[in-house]
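Along the sequence shown, residues carry numbers from 1.
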Amino acid sequence: MAGSDEETVEVGMNEERRLCGLAGDDDEDNMDKDRAALFGATADDAIPVDGDGEHVEEPPAPDGNTAKRPRPSTSPVWADYEKLFKEINGKTVRYGARCLHCSKVYSTFSSGGTGHLSRHILVCVKKREKDRMSQSQISFTSDGSMRTWDYCPMRARTELVRLIARLDVPISLSESEAFVEYIKNAHNPKYTKVSRQTTSRDILKYFTDCKTKLVETFTTSVNCVCLTSDIWSGNAKEDYISVVAHYINSDWQLEKRVLGLVLIDVSHNGQNIADRVASILADYGLSEKVFVVTLDNVSSNASAMHKLKPILSKYLGLEVIDESEYASSSLNNAVNSIFLHQRCACHILNLIVKEALTTLKPLIETFRTAILFLNSSNQRIAAYKSYYIATGVRPRKFQLDMEVRWNSTYLMLKHLFPHKSPFTTFIQAQYPRDKGEPLLLTKDHWMMAQKVLSFLELFYDATVTLFGVYYPTSPLMIHYLVKISLHLKNYANDVHIRFVVQPMIDKYNKYWRDIPLLTYPVRSSASNASELVSYLDCDTVNHLTDDFNILDWWHQHKLTYPILSIMAKDILTVHVSTISSESTFSMTGRIIEERRRSLKPEMVEMLTCIKD
């Protein structure tokens, strides 16, 4: 109480301790000074950094040659202190310890022990402040032992960056009241809101750190990379070009990374494409490590490769300086013979199959009309479901194909066939037609559709297989070239299909009549020849099983065939399709959705690379 009886003063915990003659938690400095004045300095007292001490402790022997070895510091208290050393009489000795939290310096001579250091940590104000900012939680390791988990605000911000990139949520999520309330109520009451600007800086930092690590990986662990690239036009009316690197790591596992997704707001000609690809490769230090570039079959990409070959041919051991001389010289043929430019095999398959679908368009339009008629009315869809349930069949929705994607046409027909009978019956009963007009779907339609499905199945399987990203596709290419050639030859005499086969054969021959040979520039020597002979004479794998892994085989035999294994690693890295670049655009399409069209191109690239 103070003043009148009506006035009440609220007394805190530290004041109550002082009234009882005890020190408050925040009285450490004042109590130390008073104690020193009454009793003199003790071993617990902080010492001046620049002062000379009278006691010396034997220092750790830097060279390890002294007869007397110092006892190692095993006390856990040293996790909170920095050891201080200085020269005394020609020897380096430890004279003090600096608190890592408040920077106070204490004597640490051997005669004093570490008890005073432990007592300081218990009352260190700065350490208490840091502890209040963290949140510990008991968790268990994989072996069942218990450990504590500490909440770290910086770690939380880093994970927030990864969450935003993975889920394509707005960058402003971090400052959303709903998000902050959810985190505080469900996970961490001490969580503080992070602004959009801070999150943007965190995204840049995380992207930069990841890029630095990737550059280091390319520098130290990767012999060569193979690239895929493509151009994408999004809903934001902006065009982006992607560059994706494929490589085999030190454990002989195939990996891929999106190197760049940059805005191309100029003409999509060869020069502009080449400039952006070359710039991205230079950022990662890969200009001299490129073995193959896989591109779509368009003229601008062919032009871009002519301009990139003088830059990228260094890995293959060819130097081309002047492009005009290069284009007109015999060296052009030499570089072309080295498989540097790979045309996307799936794009060529698409062109071949489209030749057939153009001729088969009347048949396909019949099935499209039937599906469109069914889906055009909610009442009709409900009646169709009721009809299916009444017949004991599980109802299914049917989607129209996309004319630009032939494989969707194949899947449209394939999904219809298991429901051939009920689907036909319902359409015949519901589809309006004039008197004497033929039915929309007949047995002839289904018979022809069955023939088309059987014919297109190999092309679909080839496309799916060659679309692979995380397994080698280059060894599979020659098998499908032969299979497709024989397939077309077999159907050339089919009475129902032969009228669509010849245009497909013409398109096939245009691109694959001459199978390009992969010429590898290796100097011949006796050791090389003996290694090749040994490889050709070894037991071959004739019957491939589903679990056979060609990368594992070469990994296991890399010491037996040291040169061939390097060649194999390069060749097995080649991707015969640009699917990795197309999947990048699928990611980008979700990143630049309706709510995020204001994102700058630099942020789009960073989010795409982080998500990849």
Legend entry - Backbone of S250 reached by a side-chain donor or acceptor of S221 within 3.5 Å: no
Inset, instruction - Flag yes if more than 12 heavy atoms outside R166 fall under 6.0 Å of its CZ atom; otherwise flag no. - result: no
Inset, instruction - Measure the NZ-CD distance between K414 and Q450 for me, rounded to the nearest 0.5 Å. - result: 11.5 Å
Inset, instruction - Give me the ring orientation class for Y460 and Y410: parallel if the planes are under 30° apart, tilted from 30 to 60°, perpendicular past 60°. - result: parallel
Inset, instruction - Taking the side chain as every heavy atom from C-beta outward, state whether Q399 and I371 have any atom pair closer than 4.5 Å. - result: no
Inset, instruction - For the pair L357 and I364, evaluate side chain to side chain contact (heavy atoms under 4.5 Å, CB included) and give the outcome as yes or no after the intermediate values. - result: CA-CA 8 Å; L357 296 185; I364 297 171; 3.6 Å; yes
Legend entry - S303 side chain vs S299 backbone, donor-acceptor pair below 3.5 Å: no
Legend entry - T359 side chain to V500 backbone, donor-acceptor under 3.5 Å: no
Legend entry - Y535/H557 aromatic ring centres below 6.0 Å: no
Inset, instruction - Quick one: closest heavy-atom pair of A165 and D168, and the distance? - result: O-OD1, 3.5 Å
Inset, instruction - Check S577 against C344 and note the closest heavy-atom contact, atom names and distance. - result: CA-SG, 3.6 Å
Inset, instruction - Would you mind reporting whether H419 and F398 have side-chain heavy atoms less than 4.5 Å apart? - result: yes
Inset, instruction - Could you check whether the rings of Y508 and W512 sit parallel, tilted or perpendicular, using 30° and 60° as the cut-offs? - result: perpendicular
Inset, instruction - Drop me the distance from L458's CG to L349's CG, to the nearest 0.5 angstrom. - result: 9.0 Å
Legend entry - Aromatic contact, W446 with F417 (centres under 6.0 Å): yes
Legend entry - Pair D275 + K307, salt bridge at N-O below 4.0 Å: no
Legend entry - Salt bridge D401-R368, side-chain N to carboxylate O under 4.0 Å: yes
Inset, instruction - Please check if the side chain of E288 supplies one atom and the backbone of K314 the other of a donor-acceptor pair under 3.5 Å. - result: no
Legend entry - Flag side-chain contact, heavy atom, 4.5 Å: L363 against H445: yes
Legend entry - V266 side chain near R276 side chain, heavy-atom distance below 4.5 Å: yes
Legend entry - K211 NZ/CZ over Y284 ring centroid, <6.0 Å and within 45° of normal: yes
Legend entry - Contact check, side chains of L360 and F499, non-hydrogen atoms, under 4.5 Å: yes
Legend entry - Flag, side chain of T294 to backbone of H575, donor-acceptor distance under 3.5 Å: yes
Legend entry - From CD1 (I273) to CG (L295), nearest 0.5 Å: 8.0 Å
Legend entry - Test item: D239 side-chain N/O and D265 main-chain N/O as donor-acceptor pair under 3.5 Å: no
Inset, instruction - Using a strict cut-off of less than 4.0 Å between a Lys/Arg side-chain nitrogen and an Asp/Glu carboxylate oxygen, indicate whether K451 and D494 qualify as a salt bridge. - result: yes
Inset, instruction - Give a yes/no verdict on a cation-pi contact between K569 and W554, requiring under 6.0 Å between NZ or CZ and the six-membered ring centre and an angle within 45° of the axis. - result: no
Legend entry - Donor-acceptor pair, side chain of T473 and main chain of L466, under 3.5 angstrom: no
Legend entry - Mutual orientation of the aromatic rings belonging to H487 and F459 [parallel < 30°, tilted 30-60°, perpendicular > 60°]: perpendicular
Inset, instruction - Locate the shortest heavy-atom distance separating P601 from Y240; write the atom from each residue and the value. - result: CA-OH, 3.6 Å
Inset, instruction - Validate the cation-pi geometry between K483 and Y480: distance from NZ or CZ to the six-membered ring centre under 6.0 Å, angle to the ring axis within 45°. - result: yes
Legend entry - Heavy-atom pair of closest approach, residues F207 and C609: CE1-CB, 3.8 Å
Legend entry - Polar side chain donor-acceptor pair, N272 to N269, under 3.5 angstrom: yes
Legend entry - Distance-only donor-acceptor check, side chains E255 and Y247, under 3.5 Å: yes
Inset, instruction - Please answer whether the main-chain N or O of I241 pairs with a side-chain N or O of D230 as donor and acceptor at a distance below 3.5 Å. - result: no
Inset, instruction - Using atom types as modelled and distance alone, determine if a side-chain donor or acceptor of S580 lies under 3.5 Å from a backbone N or O of V244. - result: no
Inset, instruction - Could you pull out the closest heavy-atom pair between A302 and H341, with the gap in Å? - result: CA-CE1, 4.1 Å
Legend entry - Donor-acceptor under 3.5 Å (N350 side chain, C346 main chain): no
Inset, instruction - Answer with yes or no whether the side chains of D552 and Q556 bring together a donor and an acceptor at under 3.5 Å. - result: no
Legend entry - ring-ring contact (aromatic ring centres under 6.0 Å, His included) assessment of Y431 paired with F426: CA-CA 8 Å; Y431 189 77; F426 183 84; over 10 Å; no
Legend entry - F373 six-ring face occupied by R380 cation (under 6.0 Å, within 45°): yes
Legend entry - Plane angle bin for H555 and W252 - parallel if under 30°, tilted between 30 and 60°, otherwise perpendicular: parallel
Inset, instruction - Taking all non-hydrogen atoms of both residues into account, name the closest pair between H246 and K256 and its distance. - result: ND1-CB, 3.5 Å
